[in-house]
Amino acid sequence: MPSLREMADAVTSGAADPEAFVQEALRAIHGDRERDVPLNAFLSVDDEAPVRARDPVPARPAERPLAGVPVAIKDNIATLELPTTCASKILEGYRSPFEATAVRRLKAAGAIVVGKTNLDEFAMGSSTENSAYGPTRNPRDPSRVPGGSSGGSAAAVAAGLVPAALGSDTGGSVRQPASFCGVVGIKPTYGMVSRYGLVAFASSLDQIGSFGRTVHDAAVLLQVMAGHDPLDSTSAARQVPDLLSAADGSARGLVVGVPDEYFPENLDPAIRALCDRALAALRDAGAEMRRVSLPHTQYAIPTYYIIAPAEASSNLARYDGVRYGPRPSGARSTRETYELARSRGFGDEVTRRIMLGTYALSAGYYEAYYGHAQKVRALIARDFLVAFDSGVDVILTPTSPTVAFRIGEKIHDPLQMYLSDIFTVTANLAGLPAMSLPIGSIDGLPVGGQLLARRWGEPTMIRAGAALEAALSLGAAAHPGG
Ligand code: GLN
């Protein structure tokens, strides 16, 4: 399947029919569904999508940079044409009466939504195994998870079913699946993309992000979605920078920080070696390396796993079988309605988070847990400020401590699952932009490198990512099989 850039060029120049790529995507999605072991990347598909692609392409192609491009949307982002289930039984068949701003902007730029993708229920998880509609499989090895929670979007892009997709990232849910599936995933600065229509998980951490096969393709989606939205008071009223010329930039003069805490003694040596190779490629391309320290990293997991469940327990209070969720039959009181709707509607992980979060916020414990976590969060954010203020432009780390694990391997051990988020949660706690891009593979399984930048540092981050992508592909061409 052609890349996003090739598709949009072909449609705007008239070389391809506006419906052509949309039909190709639908054929690929249905083809996968008919296989013995389908990926289960999509929860719903819009077979009417080709009709929507028939709009005449307007005179100014610059206004439709996504003309005729089929895209997939994570199923916790509201769309009008298809249900929005959050992969939860409690929202089975739910149809949003409004559309997410991010989706509206993609459509205005010419993109065609072909389907909604699978996720961990309410985006809580790191493997897409917590979906009420079955796990998604990793296209590189169907016995393994695609990562999560945006596993359906990452798998759909990696398998070539669509050239690009949207995800959401609260603690790594765009970057970690991008790493596991071998694609590019960008989580923007907190406040860059409107969250109107994104179903809330943890409101101080959530951002919508993008997936593509290349840095450029993921950056185009971000460029189109970014910018102030009066419907989301947390979206920043700032000029959106030019991300696309950044995607053609070079690494010359960039200072790349390498934090000791993200390369611990016990890091998988093969992952360390691929990061070293990425750093060497950036150095050859004209960047300078500098060791930095982010001393509060060790507290990131406990801090995140207090704050995220606390906010989730509050956000998910609305699913009570009255306004949202099927009203249970046989309830004799309002209280029993709530109890039945919630115990039938939520899966185990969502229930666990609500319990953890409710406990952390309860009277007498609030200061010890939530209050304390907020203070440590400020220290984690300050570590990054100190590093960037010392003259570092971007920071490079592994995205995940492991490659994609096997389906079933961690699902009964929530703590192991949580620990695998160690390198990604910090960007959300600090509100920073971060991206994952492929830097190699171990026994055929992709490994992602993570780049982080200061708040609103997307142009620099994307420039570094594009330069790294180019340097590694030149290296691969020079050393085939390397
Ligand atoms: N894996 C993390 C969690 O379970 C992050 C999820 C996300 O970013 N939505 O909370």
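Heavy-atom basis, side chains included; hydrogens, waters and symmetry copies ignored. The first residue in the sequence is number 1, and the count goes up from there. In listed order, ligands and their atoms are each counted from 1.
- Considering only residues two or more places apart in sequence or on other chains, Phe180 meets the ring-ring contact (aromatic ring centres under 6.0 Å, His included) condition with Phe405.
- For the salt bridge (charged side-chain N to carboxylate O under 4.0 Å, His left out) with Asp169, the qualifying choice from Lys187, Arg195, Arg175 is Arg175, the only one to do so.
- Under the 4.0 Å criterion applied to side-chain N and carboxylate O atoms, Arg213 and Glu469 are not assigned as salt-bridge partners.
- Residues satisfying the side chain to side chain contact (heavy atoms under 4.5 Å, CB included) criterion with Pro438, sequence neighbours excluded, are Val184.
- In this structure Asp383 satisfies the salt bridge (Lys or Arg N to Asp or Glu O under 4.0 Å) test with no other residue, sequence neighbours excluded.
- Classified by interplanar angle (parallel below 30°, tilted 30° to 60°, perpendicular above 60°), the ring pair Phe384/Phe388 is parallel.
- Using a heavy-atom distance under 4.0 Å as the criterion, the protein contacts of ligand 1 are Ala123, Met124, Gly125, Ser126, Ser149, Asp169, Thr170, Gly171, Gly172, Ser173, Phe201, Tyr304, Tyr305, Arg353, Asp421.
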